[in-house]
Amino acid sequence: MATPHGTGSFVAHTGTDVYGPGKVIGVDGAQRRVRFTRFVATIRADDLRAASPTETREIEAWLRARKERYGGAW
């Protein structure tokens with residue numbers, strides 16, 4: 001069975017947009033570790049949805065800017 005919102009997936013929270021879009025950086029059972037634009041959080045996979053194309057572009061641009069500014073893997 002496929003893991004919903006696996007590592008590297010671009011996601012958004014189903015209940016609020018306050019977190020902004022994010023990228024899944026870890027999977028632990030039903031929990032997903034997500035790098036949102038404002039912080040990192042562990043959230044149940046059921047509370048996430050796939051990011052829209054606009055949200056995906058937003059998080060990709062944010063990650064690119066952080067990598068250029070600080071280096072490393074974001």
Side-chain angles (χ1 to χ4, degrees):
M1 184 155 100
T3 302
H5 312 301
T7 302
S9 299
F10 293 107
V11 296
H13 196 275
T14 57
T16 181
D17 62 357
V18 73
Y19 300 138
K23 181 178 180 181
V24 176
I25 58 174
V27 173
D28 184 15
Q31 303 292 322
R32 302 295 179 266
R33 190 78 173 150
V34 181
R35 166 77 256 184
F36 290 104
T37 56
R38 306 210 179 6
F39 57 90
V40 174
T42 300
I43 299 180
R44 288 182 43 84
D46 294 346
D47 292 333
L48 296 171
R49 62 174 173 76
S52 70
T54 301
E55 291 167 328
T56 298
R57 286 189 301 273
E58 181 182 338
I59 191 66
E60 287 173 332
W62 185 88
L63 291 167
R64 210 172 19 258
R66 291 304 173 270
K67 187 172 183 178
E68 288 172 6
R69 180 176 284 165
Y70 303 112
W74 283 81

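Throughout, numbering of the chain's residues begins at 1 and tracks the sequence.
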Donor-acceptor under 3.5 Å ([X] side chain, [Y] main chain):
X	Y	answer
Arg32	Pro4	yes
His5	Leu48	yes
Glu55	Ser52	yes

Note to self: I need the Thr14 OG1 to Arg49 CZ distance, nearest 0.5 Å.
What the structure shows: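 Those atoms lie 8.0 Å apart.
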Next item on the list: Report the distance from atom CG of Asp47 to atom OH of Tyr19, rounding to the nearest 0.5 Å.
Entry: 8.5 Å
Next item on the list: In sequence, state the C-alpha distance, the side-chain angles, and the governing distance for Arg66 and Arg35, and then conclude on side chain to side chain contact (heavy atoms under 4.5 Å, CB included).
Entry: CA-CA 12 Å; Arg66 291 304 173 270; Arg35 166 77 256 184; over 6 Å; no
Checklist line | Contact summary for Thr56 and Ala51, nearest pair of heavy atoms | finding: OG1-CB, 3.6 Å
Check: How close do Phe36 and Gly20 get, heavy atom to heavy atom, and via which atoms?
Finding: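 Here Phe36 and Gly20 meet closest at CD2-O, 3.1 Å.
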Item checked: Option among Val11, Val34, Ile59 that satisfies the side chain to side chain contact (heavy atoms under 4.5 Å, CB included) test with Pro21 ->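 It is Ile59; the other options fail the test.
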Next item on the list: Could you walk me through whether Trp62 and Lys23 pass side chain to side chain contact (heavy atoms under 4.5 Å, CB included), step by step?
Entry: CA-CA 11 Å; Trp62 185 88; Lys23 181 178 180 181; over 6 Å; no
